[in-house]
Amino acid sequence: MTLNDRHIKNSSFTPSPAQTALKKAAKVVGMAVGAVVGIILWAILRPIFRGVGWLISILSTIAIIYWIMTL
């Protein structure tokens, strides 16, 4: 007889309260670190991408003007 998922999931192992608390604490710390990293990247990368957008627009304008002048 083969084991199905129900038999595999119902093992006799139960995590201790300390392990459960550690897992919850690690999850909270991970979320906090992720939020801080996200805010830092948002604050740093947003102006860079905005500047790159302006640079692309200016270079495109110069290229179009050059193309029109050489016709």
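These numbers come from the heavy atoms of this one structure, side chains and all, not from hydrogens, waters or symmetry mates.
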Are Phe49 and Ile40 joined in one hydrophobic group, where the rule is that I, L, V, M, F, W and Y side chains link up if heavy atoms are under 4.5 Å apart?
-> yes

Could you pull out all residues at least two apart from Leu59 that satisfy side-chain contact (heavy atoms from CB on, under 4.5 Å)?
-> Leu55

Output a table of donor-acceptor pairs, distance under 3.5 Å, between side-chain atoms of residues 61-71 and any protein atom two or more places apart or on a different chain; print 'none' if there are none.
| from | atom 1 | to | atom 2 | distance (Å) |
| --- | --- | --- | --- | --- |
| Thr61 | OG1 | Ser57 | O | 2.8 |
| Thr70 | OG1 | Tyr66 | O | 3.1 |
| Thr70 | OG1 | Trp67 | O | 3.0 |

All side-chain contact (heavy atoms from CB on, under 4.5 Å) counterparts of Val33, not counting sequence neighbours | Val29, Val37

Any chance you could pull the hydrophobic cluster mates of Met31, using side-chain heavy atoms under 4.5 angstrom and chaining through other members?
-> none

side-chain contact (heavy atoms from CB on, under 4.5 Å) involving Ile39 - partner list, sequence neighbours excluded = none

